[in-house]
Each structure stands twice: as C-alpha cells, then as structure tokens.
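One structure is given here, and the rest of the page talks about it.
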4 protein chains.
Amino acid sequence: MANRHGARNTEELIYRAAVGLMAARGYHGTTLRDVARAVSLQMSSIYYYFPSKQELLLAVMRRTTRDLRAAVEPPISAAGSVRERLGAGIRAHVLFHADRRLETLVTDSEIRALEGEGREEITALRDAYGDLFREVLETGLQEGVFSFEDSHVATNALMTMCAGVAVWYRPDGHTSLSRIADQLTHLYLDGVTASPPRQA
Amino acid sequence: MANRHGARNTEELIYRAAVGLMAARGYHGTTLRDVARAVSLQMSSIYYYFPSKQELLLAVMRRTTRDLRAAVEPPISAAGSVRERLGAGIRAHVLFHADRRLETLVTDSEIRALEGEGREEITALRDAYGDLFREVLETGLQEGVFSFEDSHVATNALMTMCAGVAVWYRPDGHTSLSRIADQLTHLYLDGVTASPPRQA
Amino acid sequence: MANRHGARNTEELIYRAAVGLMAARGYHGTTLRDVARAVSLQMSSIYYYFPSKQELLLAVMRRTTRDLRAAVEPPISAAGSVRERLGAGIRAHVLFHADRRLETLVTDSEIRALEGEGREEITALRDAYGDLFREVLETGLQEGVFSFEDSHVATNALMTMCAGVAVWYRPDGHTSLSRIADQLTHLYLDGVTASPPRQA
Amino acid sequence: MANRHGARNTEELIYRAAVGLMAARGYHGTTLRDVARAVSLQMSSIYYYFPSKQELLLAVMRRTTRDLRAAVEPPISAAGSVRERLGAGIRAHVLFHADRRLETLVTDSEIRALEGEGREEITALRDAYGDLFREVLETGLQEGVFSFEDSHVATNALMTMCAGVAVWYRPDGHTSLSRIADQLTHLYLDGVTASPPRQA
DNA sequence: AATGAATGAGAGTTCATTCAT
DNA sequence: GATGAATGAACTCTCATTCAT
C-alpha cells in the first residue's frame, strides 16, 4: 500500500537527488555513491531505474529542456505585439529558471558532459528553444520595434542573462520572483538608463 | 637554446594545457594524465610545478581573477560620467572575457570545485570585483542617470550577460570583438527597444 | 557450498593474508596489491571489507591486543601465590606469542605505523596490558618474594624477552612450545645461574 | 674553511638523519625526501654520498653491527670467570644499545628490509655476534655454573631482553644507564626471585 | 525491488632514481 | 659538491558497472 507507487517514487527520488548533487558539484563531481546515499539505497540499486550515469543525466536534461519549452512557448504565442511576446517569453523563461533552479543549472552547464548521440539530441533541443526568442527578436527588428546589430549576439545576451537567474537566485531572498522577472524584462527591453518605462 | 627557460616555460605550458582542458571538460572531467599528455610530459612531472590538481586550478583562478580586475578597474576610473564609466567597465569586462576566453570560462564555472580556503579566497576576490560594477550602478541610481529596482539584480544580470561572452564567443566568428562589446554595452544601457541611441 | 559464508570468509582471508605479509615486510613494505594477490582478488575488492589500509592494520591490532589480554588475564587471576601468578602470566603470554606469532609480530612492531586516534587507542590498550604484569611484580616486591630495583625496568625486560618469542620461534623447531614457556618462566624467575630450582 | 670537512660532514649528517627517521618510521616508512629535508639538501644530492636508499640502510647496519661487536668482545675476553664474562657481555651490550639507541633500533628491526647479498652479509655478522654469548653460556653450562635446557632459547631470551633497552630506554629517564645495565645483568643471572644476591 | 560481492579501469599522488649542468 | 628537471613505476583509493540472488 505504502509502496504502491514504489518504482515511480524511487525513480523520482533518485532523479531529484542526482539533480541536487549535480547542480552543486557537476556531473563529474557527483558519484553514484553520493546519489545512492542520498536516497538510502545501495549503489547497485540505482541501476534498476537508470541504465547508467549518462542516462541519468540525459533523463534530467530531456525532461528539463522539454518542460522549459512547454512553459515558454504558450505565453509567447498567446501574447499580441512583438514587445509583449518578448516580455512574456522572458518572464516565462526567468520564472522557469527560478522555479526549477537545480534542473536548469544542471541542464545549462553540463551539456559538455554528455557523450555521443545524447549530446546531439539535447543540443538540437536547446537550439530549437533558442529559435523561439531569435524569431521574436528578428520579427521585432523587421517591424522596427527592436534595434540591434546582430541577432546572434542579442539572443545569446538575452538567454545567458536570464539563465543567470538560476545561478544567483535564492528562494529566500528579499526580492520576489515576479519582481525579478519584471526587472529583467525591463532591463532587456529598455536598459538601465533612467527613462519613463514605456509600458511596464 | 630552445630550453633555456625550461622551468618558466614548462610551468606556463602546463598552465595553458590545464586551462584548455578544464574549459572543455570541467575540473573533475579533466585528468592530470590528459594535461600531461597535452604537454608531452609524464604525469609525475606536473608535480614538480604544481603540488596538486587543486593548486593548479587555484593558480588559474588567482591569476585570472587578478588580471580581470587589473584590466577593468583602470578604464572605469579613467572615464568621466557614470554612463561612460559603466560603458567602459562593460567594454573591458567583455573584451577580457573574449580575449581570455578559456581562463574566464574555468574561473566562472569551477568555483564549486575549489576546496576549503581556496574557495573562500577566490570568492572574496570575485565579490570585490563585482563591487566595482555595483558601485557604478548605485552611483548612477543616485544621480538619476540609471533606473532599476534592485542593485543586486541589476549587477548580476549585467555580469552574467557579459560573462556569457566567454561561453558563446568564437574568435573566428563574423562579428568583431569590438562590435560585440559595443552591442552589449548598448543593450545593457538602452535595451533592445528601437530608439534614437542617446549617445553611442 | 564452499562459498556459503563468502563475506565472513573473505574478510578473514584478507585479514590473514595481510597479517602474513605485514609480519614479513612490515606495514609500509606491504602493498594492498600483494594482499589482493595473496587472496586472489582484485585490489579494489579489499575495500569492500576494509575502508583503508590503515583500518586493516588497526583491525589486526585491535583483535590481537584484545585476544592477548583475554588469554593472559584469567590465568593470572586464577593462580594463587605471586610467584605462581607471574609464572602463569609469562606462560600464557609466551604461548600466545608463539601461537599467534604473525599477529603479535605485527602488533608489537607496527604501532609506529598507526596514525592519529588509532595509535592512541592501541597504545592505551597495550599500556593497560602491561599493567597486568607490573601489578604482579609490584605485589611480589611488597611481599618480599621478588626483588628488583625499578619496576619499569623489570616489566619491560620481562615483556620484551617474552615477546621475542614471536621473533625467533619456529613451529617446526625441535623444542616444544610448552618447554619454551617453562624455560622462559624459569629464566625470568631464577636466572641462568645454576641452582636447585626452587619450585618448578 | 668552514667547509673543509664538507664531504665527510655531509655524509655523516645524512647518515644520522636517515637513522633518526628510520628508527621512528622504519625503512619503508622513510622517504629520501624526508632525509633530504632533514639535512636541508635536495633529494638528488643524497646520491652524491650514497648510491641508493638500500646502500644507505646497509651503511647503517654495517657500521652499527661492527661497532657493537667491537664494543662487546673485549670486555668479555678481559673478564675472568664465566659468570663475570657473561656479566661483562650483558653490560656492554646494554650500554651500547642505550648509547646508540637509534642505530641499534634500525639495525635490529629492519633486517627484513635488506635485499639480496646485503641481507646475507648482515645476517652473518649478527649470527657471529650472537655466538659470542652462546659460547659463554655453553661454557658456563659445561662448568656447571649455568643451568638451562636449550642454549638457543637462552641466548635468544638474553639478546631480545637486552635489545629491548633500545626500545624503551629514554636518556631523560630517572634511572641511570649504568643502573639499568646492572639490573638487567642481575635479572638474567639470578632472576627476579628475592634472594641474597650471590655476587653483585 | 533491491542487494552484496566483485570487478577492472583509472584517478591523484609519491617514490627512488637519473643526468646534464 | 649540489641542483633542477624529468622520469616511470608503483602506490592507495575511487569509480561506474555487473550479476547472481
């Protein structure tokens, strides 16, 4: 009874323990021993749920990347103007990175630890995700709403700035998540220079 | 002849090989065997120059962090207005991150791999460095030149955005380094929203 | 069948192999490779049973020191006069050193190889063991049965003389163990000088 | 000037440093690095004086074993009766072991660390030395002055008891060296049992 | 569903030793 | 007389992984 969802549960527990440890120490800095200890299992038991350490990492990355897209795409589509679309995208992106801090931390920084096909798979997913923003930016450029020289630079700047949230955000901080999202959106849209915010 | 500066040279070669490998695979993903192979030495020879792998990482971080500060502080001091000071700082920061890509990559992402006192030492240096920008931003806020809600958010956004350069910049790319610096400066000061650039 | 008690057995086999090698070559002169080879295991398998080489040595010393005390204390307590008590003690001490030659050899000569707390622990056990004899000797002195100047000298002389058995005793020698114990007892009690043995 | 005896001196310093370290940690527990550091030299410099670590150990053993014999043989020869001969031998043996504590400690306990011919050489020297005592004991037995069952047991007991001095003797102890020698001589000749000392 | 026992490769580190200078 | 630079083998220990139970 208590164990009806045993498998599912345990798999999830392993997943989370792995995420926590890899976020703190990196993939190579995390041992399956650590993971096993964190869930009070024997190391060999992990292999019942995940065929290898690589697959465990891959599972984290797959789920996180897909969830990220699923969280960000709808708001962008639902919004009206390019400006609103970009704002909605940034907001969703930031919120996700703060909400699922550890997973995005791992996903953003451990791609290099992926081997072979796994790396290609995840890289493709991430590129496709980046296109979401690139498209909005380029549309804005054509409409004359946005202004930048190089869409590559603009997109990368945007994504790394927002992804940074996962690095420095602390849930116990004094600034609410929603406010942080607002600030980053404003920052990217209008810069730090003082001026009557055009919209927000 | 070729070996007259044996020691100095070799130490430097090891340093660079380690930087390259750690930038690509991370600290834990890099073995001293790899480093040794890269410089055509026996693994044990590395210990003639560095007492441990940790100390090797520490050497990289110390040098890079100090050089970064030495590269960024003067331009900020030399500039006139807050706006110019911030611009000069961003520019120097970005140029350094592009110029010393591998070292900053390691330094930015492997602090977690540092142990004990080493971690505290480097963390202190990095915090002090961040203050350089925080001060400029806060001065600008008081002068009414800048506008933001939370200096912490603003500083972090700035630094992660710029540090991102080390992640995606490729020296062979089609956009020149100086142009990238300009774009990021503009982006952070005035945002993406199209508008008659106030200065640049 | 042969492997039903796998774990217990293997641990014991490792223990014995380690004892044999360390008795012959000393702690630092013995490698875990040697130990592993002696029990036909991979070196890494040793770590399933003992967390480190130090801990392996410690296990030997703990067991041997405790068993030694357990073997010597009862006979001393059971005997009547001081003279008999000392004789019983020497006898048990000698028999144990001959019986468990390799273990006592290691235990007597590798205390210096112990580190930190382990050393203190074993040293305390050994000191407590030495007190067993010191007490008998001092009681004999007070009763006027024994005569010596310095109980420290007398105790040390006794213990090193008897422990020496582990060094030179060979089970295949022509003198039986019991006779050796008798001789040493007589030697310590009455010396080499010819005389009608007072008791034995 | 200050360095006129440079070579001799340095060799002697290395010898002593090695003795001190090996007495404390054993041959295998002592590294040439330790030795070099103790005499403020580079490790490679040691090779100017000793061709290898083995030879260094051998040098210690050779010198000590020869000096021991040279210290013990004359007193035995000079003495009159067997009893006096044995007493003189024990006395000289004990004094030497206390006086040259560290060297005898190494010599007595590191024979197993010797390899090949070196081991045979030293073993032969030690056996010859042991004969000195065995002969006295056997003569005493024939003369009816001594009484023991097995000369092997008697000799070994004597030598290990006396050699033990090097283990527990502390120059700062409260008992003078000469008194210790007296006590051990008395102990071996007449035992602990209280009795009017026949001679001493 | 989970474990205990074992593996084999490879990690960082230390060692005695060499040799040109 | 002594060193600095390098070596290569060996060390202890840890890793991810396997598999019978």
Side-chain angles (χ1 to χ4, degrees), chain A residues 3 6-11 14 28-36 39-56, chain B residues 3-11 28-36 39-56, chain C residues 3 6-11 28-36 39-56, chain D residues 3 6-11 14 28-36 39-56:
Chain A
N3 217 17
R8 281 276 104 190
N9 260 347
T10 306
E11 183 174 336
I14 293 172
H28 290 298
T30 300
T31 78
L32 288 186
R33 231 179 210 83
D34 296 335
V35 177
V39 293
S40 300
L41 278 179
Q42 286 302 113
M43 226 199 325
S44 54
S45 305
I46 291 181
Y47 286 83
Y48 183 80
Y49 299 96
F50 298 93
S52 73
K53 195 186 173 190
Q54 265 286 308
E55 284 301 325
L56 181 45
Chain B
N3 217 18
R4 214 176 45 186
H5 299 298
R8 282 277 103 185
N9 256 351
T10 307
E11 183 174 336
H28 291 298
T30 300
T31 78
L32 288 185
R33 260 175 187 82
D34 296 335
V35 177
V39 292
S40 299
L41 276 179
Q42 285 295 115
M43 218 196 334
S44 55
S45 303
I46 292 179
Y47 285 84
Y48 185 77
Y49 298 95
F50 299 94
S52 74
K53 194 186 174 190
Q54 264 285 307
E55 222 44 59
L56 179 47
Chain C
N3 217 20
R8 281 279 102 187
N9 257 350
T10 307
E11 183 174 334
H28 291 299
T30 301
T31 80
L32 289 184
R33 250 179 195 82
D34 296 336
V35 177
V39 291
S40 299
L41 276 179
Q42 285 296 114
M43 218 196 334
S44 56
S45 302
I46 292 180
Y47 286 84
Y48 184 78
Y49 298 95
F50 298 93
S52 72
K53 193 186 173 187
Q54 264 286 306
E55 219 49 55
L56 180 46
Chain D
N3 218 17
R8 282 275 106 190
N9 260 347
T10 306
E11 182 173 335
I14 293 173
H28 291 299
T30 299
T31 77
L32 288 186
R33 232 180 209 79
D34 296 335
V35 177
V39 293
S40 300
L41 279 178
Q42 286 303 113
M43 227 198 324
S44 54
S45 305
I46 291 180
Y47 286 83
Y48 183 80
Y49 298 96
F50 297 94
S52 75
K53 195 186 173 188
Q54 264 287 308
E55 284 301 324
L56 181 46

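Computed from a prediction, not measured in an experiment: that's the story for all the values here.
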Short side-chain N/O contact from C:Y47 to OP1 or OP2 of F:dC13, under 4.0 Å: yes
Distance-only donor-acceptor test (3.5 Å): side chain B:S44, base F:dG8: yes
Nearest-nucleotide 5' precedence on DNA chain E, B:K53 against C:S40: C:S40
Between C1' of E:dG12 and NE2 of B:H28, the distance in whole Å: 13 Å
C:H28 to D:G29 - nearest heavy-atom pair and separation: CD2-CA, 3.4 Å
Side-chain N or O of A:Y48 closer than 4.0 Å to phosphate OP1/OP2 of E:dA2: no
Separation of atom CD1 in C:I46 from atom P in F:dT14, rounded to whole Å: 13 Å
Paired and unpaired positions of DNA chain F as dot-bracket, Watson-Crick or G-U wobble under 3.5 Å, | denoting a partner strand: .||||||||||||||||||||
Protein-nucleotide distance (D:F50, atom CZ; E:dT17, atom P), rounded to Å: 13 Å
Spatial distance of atom NZ (B:K53) from atom CD1 (B:I46) [nearest 0.5 Å]: 10.5 Å
Value rounded to 0.5 Å, distance of OG in C:S45 from CG in C:L32: 11.5 Å
Atom-pair distance (CG on C:L41; C1' on E:dA5), nearest Å: 10 Å
Rounded interatomic separation in angstrom, taking CD from B:E55 and P from E:dG12: 15 Å
Heavy-atom side-chain proximity of D:F50 to D:E11 below 4.5 angstrom: yes
Touch class at under 4.0 angstrom, heavy-atom based, for B:Q42 against every strand present: base
Whole-Å distance separating the CD atom of B:E11 from the P atom of F:dA5: 10 Å
Rounded interatomic separation in angstrom, taking OH from C:Y49 and P from E:dG4: 12 Å
Residues in contact with DNA chain F, drawn from residues 29-36 of chain B - heavy-atom cutoff 4.0 Å: none
side-chain N/O C:S45 vs E:dT7 OP1/OP2, d < 4.0 Å: yes
d(CE, A:M43; P, E:dT7) in whole Å: 15 Å
pair D:V35-D:T30: side-chain heavy atoms closer than 4.5 Å: yes
